[in-house]
Amino acid sequence: MDLESLLQPETILIDWHPATKDDAIASLVEAMADAGVIQDREIVLHDVQTREQSLSTGLGDGIAYPHARSSAVDSVAMAFGIVREGLEFESRDGEPAIFIPLMVSPKDGGAPHLYVMAEIVKKLEDQDVREQLLDAESPEEVYRILAE
């Protein structure tokens, strides 16, 4: 499972200014619903917010990775947001999140999200990739960078 098959430009948000992490999660879920990659936005939103309440997914180093298992998806679904000015996400290092991939996987689908998480975090640890993403001018360009 690779990022290219999970992401689509319609689920990538740039030039985006959520006020809170709840706003960010809601916007990313909305993008997934609008793109038709989830079955029920309310269930997915509830599942991701419930997961986030148990332990913040702010990994640090500018990355937050909200995720959950949900009955409202048949396969892994993903959205990706860039908050250039940073967003408070209760990250481990206390720094704001800039890159926010959100992933939802089926309740009984095993652990493919762990492989995807490892792949995207590895990409986001690369300073060149981070700079390219911050300079990207369209969701299509972000998609291309992440799919490489």
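Keep in mind that this is a model prediction, so the values were computed, not measured.
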Query raised in the report: Which pairs, with at least one residue in residues 74-83 and sequence neighbours excluded, count as a side chain to side chain donor-acceptor pair (under 3.5 Å)?
Result: Gln39-Asp74
Query raised in the report: Does Thr11 have any side chain to side chain donor-acceptor pair (under 3.5 Å) partners at least two apart in sequence or in another chain, and if so, which?
Result: none
**Report entry** Heavy-atom check, side chain of Val48 versus side chain of His67, under 4.5 Å
**Finding:** no
Report task. Mind checking the CG-CH2 spacing from Asp23 to Trp16? Nearest 0.5 Å is all I need. Result -> 9.0 Å
Query raised in the report: Would you say Met78 and Ile120 make side-chain contact, with heavy atoms under 4.5 Å?
Result: yes
Query - Carboxylate-amine/guanidinium contact Arg84 Asp15, below 4.0 Å - result: yes
Query raised in the report: Any idea which heavy atoms bring Ile14 and Pro139 closest together, and the distance?
Result: CD1-N, 3.8 Å
Report summary line: Nearest heavy-atom contact between Glu52 and Gly58 is OE2-N, 4.5 Å
Report task. Report the C-alpha separation of Arg144 and Glu140 in whole Å, then their side-chain angles, then the decisive distance to 0.1 Å, and conclude whether the salt bridge (Lys or Arg N to Asp or Glu O under 4.0 Å) test is met. Result -> CA-CA 6 Å; Arg144 182 191 52 74; Glu140 292 79 12; over 6 Å; no
**Report entry** From Ser56 atom OG to Arg51 atom CZ, the distance as rounded to the nearest 0.5 Å
**Finding:** 8.5 Å
Query raised in the report: Should Phe89 and Pro66 count as side-chain neighbours, where that means a heavy-atom distance under 4.5 Å?
Result: yes
Report task. Over all heavy atoms of both residues, which pair between Lys123 and Ala147 is shortest? Give the atoms and the distance, please. Result -> NZ-C, 4.5 Å
Query raised in the report: Just how far is it from atom OG1 of Thr57 to atom CD1 of Ile100, taken to the nearest 0.5 Å?
Result: 8.5 Å
Query raised in the report: What pairs of residues pass the salt bridge (Lys or Arg N to Asp or Glu O under 4.0 Å) test when at least one of them lies in residues 24-34, not counting sequence neighbours?
Result: Glu30-Arg41, Asp34-Arg41
Report task. Can you spot which of Leu6, Leu7, Leu102 makes a side chain to side chain contact (heavy atoms under 4.5 Å, CB included) with Phe80? Result -> Leu7
Report summary line: Closest non-hydrogen contact found for Pro101 with Ala64 is CD-O, 3.0 Å
Report task. Could you tell me the separation between the CD1 atom of Ile43 and the OG atom of Ser71, rounded to the nearest 0.5 Å? Result -> 4.5 Å
Query - Inter-residue atom distance Arg130.CZ - Leu133.CG, 0.5 Å rounding - result: 9.0 Å
Report summary line: Taken to the nearest 0.5 Å, the spacing of Leu59 CG from Tyr65 OH works out to 9.0 Å
**Report entry** Residue pair Lys21, Glu88: steps toward the salt bridge (Lys or Arg N to Asp or Glu O under 4.0 Å) verdict
**Finding:** CA-CA 7 Å; Lys21 76 175 182 175; Glu88 169 56 43; over 6 Å; no
Query raised in the report: Between Leu13 and Ala31, what is the shortest heavy-atom contact and its length?
Result: CD2-CB, 4.2 Å
Query raised in the report: Are Leu28 and Leu87 in one and the same hydrophobic cluster, where Ile, Leu, Val, Met, Phe, Trp and Tyr link if side-chain heavy atoms are under 4.5 Å apart?
Result: yes
Query raised in the report: Within a strict 4.5 Å, meaning less than it, do heavy atoms of the Arg69 and Asp47 side chains meet?
Result: no
